[in-house]
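Below, read A as the first sequence line, B as the second, and so on, with proteins coming before strands; counting in each chain starts at 1. Worth saying up front: this structure is predicted, and the values here are computed from it rather than measured.
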Amino acid sequence: MPPDTASPLATYIAHLERGELAYQFSPSADTAVFYPRVIAPKTGAADLEWRVSRGAGTVYATTVVHPQKGEPYNVALIDVDEGYRMMSRVEDISPAAVKIGMRVKFRVHPAEGDEPPYPVFTPAENA
Amino acid sequence: MPGLQRGGAAIVGAAESDIGAVAALMSPIDLMAQGIHRALEDAGLSLHDVDGLFCATTQARTSAMSLAEYLGLPDAYTDSTIVGGSSFEIHVAHAQAALAAGLCSVAVIAYGSTQRTVGRRAASAREYNPYETPFRPFLPASAYALAASRHMHEFGTTREQLAEVAVAAREWALLNPAAWEKKPLTIAEVLNARPISDPLTVRDCCLVTDGGGAIVMTTPTRARDMARPPVFVLGCGQSITHATISSMPDLTVTGAVESGAQAYAMAELKPEDIDVLALYDAFTINTILLLEDLGFCPKGEGGRFVQDGRIGPSGDLAVNTNGGGLSYCHPGMYGLFLLIEAVRQLRGECGARQVAAADTALVHGNGGVLSAQATVILGGTSAL
């Protein structure tokens, strides 16, 4: 087999650089896969294809982290509508106001220095 | 666990190393060796008898190699499986398999950590995860906080019910002279303690101590000739459902459902047959999840189950009689201490905290972030 030309993570980041939240889908298993991998979990199928998410989701679990220095901040698990879960944070509201079941939408947190872009969420209106 | 026989191996020695805050410049392997020396003495054996080494620590990348060198045992059979705090429960199953296969005849399972002395960050460096690290979860606490948030949302579990777990652990710890915490604790004190990762406060979180220890295992035949009464391995099970909290299938259901089912089947026992429980209480939510998943109450009822001191010294179910990771000792990976306490309870050595007529014990290890679940059911000769 020819060597892979891009790692799963590099492909994921390239999508984020274009403002897209990408995930993988295995047609043989008929399931979304996240985080990105080289083969599908459980089946081992190598048929993973990249798809771009609509970027809408629901808060599955949430916490407010209280660092010893600095302001408290949110960490949440988001169930994305296409059928996968990811860690992120909900911005634009106070961390304690983030509630389980809240509808949220994706936006890109841009690259800063050596740190690549990553996905964050904001409360969705009428989503 | 399929392939292992009920009563196919026995624990014949158990001991802590120095725990709490150990002497300056002690190494994790020093503490393993100290635990091994004491556990062998407990068993009436010496280092010459040992031909199997099982160990894990976050502070030595090749801990079995380091321990074999330190002890001067080049021919020992070794296994340093490491899946977090439940590594030692998994070592019990692996040691039983090795003993049954004749790969060794006397196995020690050892642990050592100087986490308090060197600092948590130095003792257990976190790997960068591109899908989690950018969000700065305070791990492991935030992972357990996320699970607690979900349990509260789905089942109406309350902050006070989580605090009950910490208070019960403290009441047991006050009966254990070796416990780190020496003062009583109230529900209000837990709730008003420094917040760490909501809904958890610092009193919902395990201690940060040094510590280590060892247990000695051998074949059932040889176990009958030892200094102390043998404690038999009746059942084992394991389930590793994920490594990162964002990949846990359901934050309110752990792999203890599966590991427990395997262990009960092998032991031919049910939850109501268990006299003493040692559940890995790194955080208060653990005890609630594990009581549910191991069949001591229905799913979602764990919070109500622990109310009114039910799992404390005056309650009707003996859970974490040493004071647990919350109040006795927690050097990063707590699983070995669960085994030590269960052995002592089954031998009737626990003094003020001794559970009457303790014939069976369920030990349950949790590793990672509710990730690696491992159950061991133990019993004295009367339980065979």
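A heavy-atom distance below 4.5 Å is not found between the side chains of A/Tyr35 and B/Asn129. Residues B/His153 and A/Val59 are not in side-chain contact: their nearest non-hydrogen atoms beyond the backbone lie 4.5 Å or more apart.
Separation of atoms CG (B/Asp250) and CZ (A/Arg85) is listed at 7.0 Å; rounding is to 0.5 Å. Between the OH atom in B/Tyr144 and the OG1 atom in A/Thr63 there is a gap of 14.0 Å [rounded to 0.5 Å]. Here the CG atom belonging to A/Leu77 is positioned 9.5 Å from the OG atom belonging to B/Ser247, to the nearest 0.5 angstrom. Residue B/Phe135 holds its CZ atom at 9.0 Å from NE2 of A/His109, rounded to the nearest 0.5 Å.
Surrounding CD of A/Glu71 are at most 12 heavy atoms belonging to other residues, nucleotides or ligands under 6.0 Å away. No more than 12 heavy atoms of other residues, nucleotides or ligands lie within 6.0 Å of NZ in A/Lys42, so this atom counts as exposed by the packing criterion. Counting heavy atoms of neighbouring residues, nucleotides and ligands inside a 6.0 Å radius, atom CZ of B/Arg126 exceeds 12 of them.
Ring orientation note: the planes of A/Phe34 and B/Tyr131 are nearly perpendicular, at an angle over 60° on the 30°/60° scale.
Interface remark: A/Pro119 contributes backbone and side-chain atoms alike to the contact with chain B (heavy atom separation under 4.5 Å). With a 4.5 angstrom heavy-atom cutoff, A/Pro36 touches chain B via backbone and side-chain atoms both. When heavy atoms are compared at a cutoff of 4.5 Å, B/Leu251 approaches chain A by way of both its backbone and its side chain. For chain B, the nearby part of A/Tyr73 is the side chain; its heavy atoms alone come within less than 4.5 Å. The part of B/Pro130 that comes within reach of chain A is its side chain, from C-beta onward, which places non-hydrogen atoms under 4.5 angstrom from that chain. For chain A, no part of B/Leu200 is nearby; none of its heavy atoms comes within less than 4.5 Å.
Closest non-hydrogen pair, B/Ser246 versus A/Met86, comes out as CB-C, 4.4 Å.
Each of A/Val65, A/Ile13, A/Val120 has some count of heavy-atom pairs under 4.5 Å with chain B, and the biggest count is that of A/Val65.
Side-chain N or O atoms of B/Arg136 include none that pairs as donor or acceptor with a backbone N or O of A/Val75 at under 3.5 Å. Proximity of a side-chain donor or acceptor of B/Ser149 to a complementary backbone N or O of A/Thr62 within less than 3.5 Å is detected.
Listed by first then second residue, pairs satisfying salt bridge (Lys or Arg N to Asp or Glu O under 4.0 Å) with a partner in residues 14-24 of chain A read A/Arg18-A/Glu20, not counting sequence neighbours.
Remark: A/Ser53 engages A/Glu82 in a side-chain hydrogen bond (donor to acceptor under 3.5 Å, both in side chains) (not counting sequence neighbours).
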